[in-house]
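All of these numbers come straight from a predicted model, not from anything done at the bench.
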Amino acid sequence: MSLSRRHLLQAAFAATLLPASAARRKTRIIVIGAGFGGATCAKTLRLLSPTSDVLLIDARASWCTGPFTNLALTGLRSVASITRHTADIGRAHGVRTLIDEVTGIDPVSRTVTTAGGKRLVADRIVLSPGIAMRWGVIEGLTAELSGAMPHAWLGDSQVQSLRERIDAVPDGGTILIGAPPNPYRCPPGPYERASLIAEHLLRTGRPRTKILIADAKDDFTKRPLFLAEWDERYGAMIEWIPRAKGGEVVRVDPDTGEVWLRDAGTPIATNLASIIPPQQAAAIAGRAALADDSGWCPVNPQSFESTLHAGIHVLGDAAIAAPMPKSAFAANSQAKLCAAAIAAALDGRPAPDARMINTCYSLVAEDAAISVSGFYSAASGRIAIVSEGVSPLTAPDGLRRREAAQARDWYESISTDSFGKSA
């Protein structure tokens, strides 16, 4: 926890930076997904393999970043300030971009087809496609109806919708956040959301409003820290209901806003329900036979090459990379390792040692944050924890405030590192 966010970023990149061969033939590399993983991988490939033709594809022209979405939901940032644009990323990194939906990948011929009718052939393909929601697990919750109980987990129009819905909850109302089972994108996200909504409610004169976290788990990252901060700052406003106490959401009625928890005979009436469904790798990973029965993609942690199909790499949220969390920083770090491994393979050199890093900040209030960090390596075909750190439960004066400032610095740094400078 003593390392600055700049040192963390520099250390992660320096560990992968290897010289490129001037004699290497031109190689075609397609990177699918322009989020923290894909954008960083495309950038790093251009640096380490300057003779390669790198094409970055995303179906989205623009989207909101997962990090700091909760700040945008509660008025601490504008939605525009967390919005990124695929074309801008391509210009910043000097890579070609294509805004189109990838509909198919032939992992044997390494051919990519798109909704726009393109058929592209590559020497290597990197997928950082993100997640898909597992609809049908919660009765009554479908893709078509989820807007009535917005999760705002995919960086789309639900972010603005949920922001407006939060502002419309009356004092004395009930907000329910449905937290999904592991694994899922941004493990501390639901709990940061509850924290910042509670502060927003106090700031806007709604202290009698109740926030329920209905959880499909019995534990979550930084739980002792979150619980202590909630107790000190928000009293009884936030109530966490673990799975063992019936917290799992099993049924919803999007028309009425009612939510049924496991073993409960009657529903909970809500003024706003934000139900975050169970998750799996994005649909394209399944269609390309890159996901296993878990719904996620097994990879070689030395290079993030798929263990199911050679020459195809999967990183970020879609990959099986535990104990690394599915986070923006993890994806950024994995992308640099993946790019370095691809560059080494193209030069006929051994892959670099796998060294990765992650840090996750969670705002518990506008001026207070907690964090967890970890260093990772590859050992015996698995990712292993080298060291971990977490904010102290009893914080010295000013520590939470300093971590909040570090969180904002971290966001600006990793956004610039991944996407280039904002216009």
K.L.:
Quick check on the 6.0 Å ring-centre criterion: do Phe226 and Trp240 meet it?
P.N.:
no

K.L.:
Measure the CG-CD1 distance between Leu127 and Ile30 for me, rounded to the nearest 0.5 Å.
P.N.:
10.0 Å

K.L.:
Do any N or O atoms from the side chain of Lys326 and from the backbone of Ala319 form a donor-acceptor pair under 3.5 angstrom?
P.N.:
yes

K.L.:
Could you check whether any side-chain N or O of Thr65 sits under 3.5 Å from a backbone N or O of Pro67, counting only pairs where one atom can act as donor and the other as acceptor?
P.N.:
yes

K.L.:
For the pair Glu199 (side chain) and Glu366 (backbone), establish whether a donor and an acceptor sit closer than 3.5 Å, ignoring hydrogens and angles.
P.N.:
yes

K.L.:
Salt-bridged, Arg223 to Asp215, with N to O below 4.0 Å?
P.N.:
no

K.L.:
Any carboxylate oxygen within less than 4.0 angstrom of a Lys/Arg side-chain nitrogen, looking at Arg60 and Asp156?
P.N.:
no

K.L.:
With a 3.5 Å distance limit and no angle check, can you tell me whether Arg355 reaches the backbone of Phe375 through a side-chain donor-acceptor pair?
P.N.:
no

K.L.:
Can a salt bridge be assigned to the pair Arg28 and Asp123 using a cut-off of 4.0 Å between side-chain N and carboxylate O?
P.N.:
yes

K.L.:
Is it the case that the side chains of Ser418 and Thr40 hold a donor-acceptor pair, with the cut-off being a distance below 3.5 Å and no angle test?
P.N.:
yes

K.L.:
Can you check side chain to side chain donor-acceptor pair (under 3.5 Å) on Gln406 and Ser371, steps first, answer last?
P.N.:
CA-CA 10 Å; Gln406 290 168 9; Ser371 64; 5.9 Å; no

K.L.:
Of the options Asn332, Thr221, Asn358, which is the one that meets Ser327 in a side chain to side chain donor-acceptor pair (under 3.5 Å)?
P.N.:
Asn358

K.L.:
State whether the side chain of Glu305 and the backbone N or O of Asn300 hold a donor-acceptor pair below 3.5 Å, judged by distance alone.
P.N.:
no

K.L.:
Any sub-3.5 Å donor-acceptor pair from Thr111's side-chain atoms to Asp106's backbone N or O?
P.N.:
no

K.L.:
Which class fits the ring pair Tyr184 and Trp153: parallel under 30°, tilted 30 to 60°, perpendicular over 60°?
P.N.:
tilted

K.L.:
For Phe304, does its backbone N or O pair with a side-chain atom of Gln334 as donor and acceptor, under 3.5 Å?
P.N.:
no

